[in-house]
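Everything quoted here is computed from the prediction, not taken from an experiment.
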Amino acid sequence: LLTVAIAMMQADAPQENPTRMLSQWYLYFSLTSSIFCLQSTLRSVMLMIYVEPLDAQASFMFICQYLDYFGEPAVVMMIACANMLSALIIWVFGVYGRGAGL
């Protein structure tokens with residue numbers, strides 16, 4: 001998902017003029033989606049690096065005590081997907097016009 005979000009930033013703007021408000025919103029949603037995907041990936045990797053050397057009981061206690069840290073990457077990925085969907089809607093609206101955007 002991170003590669004898709006980064007590719008959306010590298011794609012053409014929905015309008016020729018990059019200073020138009022529609023192009024700026026597209027870039028904003030694409031950028032925040034990339035940041036959220038990167039944050040979720042890094043947090044998941046850090047948690048897995050920390051839990052991997054623990055034995056079964058210690059990892060179970062860690063997960064029970066810090067359960068909110070394990071649920072946060074999934075929530076952040078859902079927010080990233082919502083931002084990607086918003087950027088896609090803006091891109092379709094900018095490229096194909098009002099009929100396809102609505």
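For the atom pair I90 CD1 and Y28 OH, the distance stands at 10.5 Å (nearest 0.5 Å). To the nearest 0.5 Å, the span separating CZ on F29 from CD on Q24 amounts to 12.5 Å.
Note on F93: it clusters hydrophobically with V95, by side-chain heavy-atom contacts below 4.5 Å among ILVMFWY residues. The cluster map of Ile, Leu, Val, Met, Phe, Trp and Tyr, joined by side-chain heavy atoms under 4.5 Å apart, puts M9 and I35 in the same cluster. L54 and M61 fall into different hydrophobic clusters, where Ile, Leu, Val, Met, Phe, Trp and Tyr residues are linked whenever their side-chain heavy atoms come under 4.5 Å apart, directly or through other members.
Residues passing the side-chain contact (heavy atoms from CB on, under 4.5 Å) test with M84, sequence neighbours excluded: L1, V4, A5, M8, S33. The salt bridge (Lys or Arg N to Asp or Glu O under 4.0 Å) test applied to R20 returns no partner, not counting sequence neighbours. Under the side-chain hydrogen bond (donor to acceptor under 3.5 Å, both in side chains) criterion, Q39 pairs with no residue at all, not counting sequence neighbours. Applying the side-chain hydrogen bond (donor to acceptor under 3.5 Å, both in side chains) test to S44 and every residue at least two apart in sequence or in another chain returns nothing.
Residue pairs satisfying the salt bridge (Lys or Arg N to Asp or Glu O under 4.0 Å) criterion with at least one member in residues 44-66, sequence neighbours excluded, are absent. Residue pairs meeting the salt bridge (Lys or Arg N to Asp or Glu O under 4.0 Å) criterion with at least one member in residues 6-17, sequence neighbours excluded, do not occur. Within the structure, ring-ring contact (aromatic ring centres under 6.0 Å, His included) pairs that include any residue of residues 30-61 comprise Y50-F62 (at least two apart or interchain). Evaluation of the side-chain hydrogen bond (donor to acceptor under 3.5 Å, both in side chains) test over residues 74-88, restricted to residues two or more places apart or in two chains, returns T32-N83. Within the structure, the salt bridge (Lys or Arg N to Asp or Glu O under 4.0 Å) test picks out the following pairs touching residues 71-85 (sequence neighbours left out): R43-E72. Annotation: salt bridge (Lys or Arg N to Asp or Glu O under 4.0 Å) contacts involving residues 78-88, sequence neighbours excluded, are absent.
Hydrophobic cluster membership for L2: I6, L38, L42 (Ile, Leu, Val, Met, Phe, Trp, Tyr linked by side-chain heavy atoms under 4.5 Å, directly or transitively). Hydrophobic cluster of M48: no remaining members, since no ILVMFWY side chain lies below 4.5 Å from it.
Residue L22 comes nearest to P14 through the heavy atom pair O-CG, 4.2 Å, listed as atom of the first residue, atom of the second, then distance.
Under the 3.5 Å distance criterion, the side-chain polar atoms of S59 are matched with a main-chain donor or acceptor of A56.
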